[in-house]
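Notes follow once the structure below has been shown.
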Amino acid sequence: ERGKVIALVGNPNSGKTSIFNDLTGARQHVGNWPGVTVEKKEGKLSYQGQTFNIVDLPGTYSLGAYSEDELIARNFIFFDQPEAVINVVDASNLERNLYLTTQLLEMGANVVVALNMFDEARARKIEINIPRLAQALGVPVVPTVATRGEGIKELVATVAKKIQEKTCQPLKINYGTEIEKELDKLEQIIKQDADLVAKYPARWLAIKLLEDDERLQAELQKEGAKQVLEQVAKSKKQLNEILGEEAEAIIADRRYGFINGLVKEAVTRRHTLEERLTLS
Ligand code: GDP
Ligand code: K
Ligand code: MG
């Protein structure tokens, strides 16, 4: 019987492996992802009579189709369907790390954020309003210091609870009137294709196609999803004419705008003592 699977996802050096070690101790197995030489680490976690399989996914900044690592992470989330995803975030580098977080949330993954390197953030006087961040993202956020095992118990309890509740709504970033209009059109056509709907959330797929995701385009071509691809081409042309830029660039811009607003709302930074001394 397959135990419940929890995947660890995060930017390189966010502390994924440290959290993995905290969760699994010595109960680890190192192998390879099928067909590639990328290392795959798995381990077991026992909690209140349950056994969870923890999978450490390759470190990645995004979930596009630009590298083997990104594809492994994204395919694992869609096709292996882990019960939960722990998104390890470097609290001292929040804005950059949240790019991946928003992608996971748009995919509809069942996410809990481990706000790791919390000691680093504290040392640099970065103050994060955790309830506000959690509310804006729509998922639980647990501060951790993986190297000292701090916050790990809370993290496990939160993930176990999240798995039980199974309440995940994909995050909906507003991409602006023009793009939303094209996303709606695309979604309608995607929803007529039962095979596609069974595999991917329609809105996510629509966004990725406007972003020129090559793997998905190739996949749709192979499966003969002609109507969807035709609408993608039309929408891209339309957006380019109205907005004077590639849809891909505008979508990235809006996503960064969303993250920027989020950080402004949830993070304040006081000057460190050294900075105050040099300022005075
Ligand atoms: P990964 O690349 O995401 O797997 O990150 P690692 O677990 O290898 O951690 C990267 C570096 O950050 C290592 O030197 C860790 O010892 C360190 N590290 C991990 N978590 C923390 C933390 O919470 N606080 C601090 N200060 N360092 C950490
Ligand atoms: K590393
Ligand atoms: Mg690692």
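Ligands are counted one by one from 1 in listed order, and the atoms in each one are counted from 1 as well.
For atom 27 (N) of ligand 1, the nearest non-hydrogen atom from the set M117, K16, R122 comes from M117.
For ligand 1, the polar-atom distance check finds an N/O of A146 within less than 3.5 Å of one of the ligand's N/O atoms. Every N/O-N/O distance between F118 and ligand 1 stays at or above 3.5 Å. Considering both main-chain and side-chain atoms, G15 comes within under 3.5 Å of ligand 1 through a nitrogen or oxygen pair.
Residue-level proximity to ligand 1 for N11 is carried by the backbone, the only part with a heavy atom below 4.0 angstrom. Of all the heavy atoms of N13, the ones lying under 4.0 Å from any atom of ligand 1 are found in both the backbone and the side chain.
Using a 4.0 Å heavy-atom cutoff, G59 is absent from the residues neighbouring ligand 1.
The residue from D195, I190, L205 that alone fulfils the side-chain contact (heavy atoms from CB on, under 4.5 Å) condition with Y200 is L205.
Atoms of ligand 1 lying under 4.0 Å from any heavy atom of S18, numbered from 1 in the order shown and given with element: 6 (P), 7 (O), 9 (O), 15 (C), 19 (C). Within ligand 1, counting atoms from 1 as listed, the ones closer than 4.0 Å to a heavy atom of T17 are 1 (P), 4 (O), 7 (O).
Residue side and main chain included, T17 places an N/O/S atom under 2.8 Å of the Mg ion (ligand 3).
In this model, no donor atom of one side chain and acceptor atom of the other lie less than 3.5 Å apart for N110 and E83. A side-chain donor-acceptor contact under 3.5 Å links T101 and N87. Side-chain polar atoms of K4 and N53 form no donor-acceptor pair below 3.5 angstrom.
Summarising the geometry, atom NZ belonging to K181 is positioned 6.5 Å from atom CD1 belonging to I242; distances are rounded to the nearest 0.5 Å.
Salt bridge status for K161 with E165: present, with a side-chain N to carboxylate O gap under 4.0 Å. Residues D212 and K236 are paired through a salt bridge, judged by an N-O separation under 4.0 Å between the basic side chain and the carboxylate.
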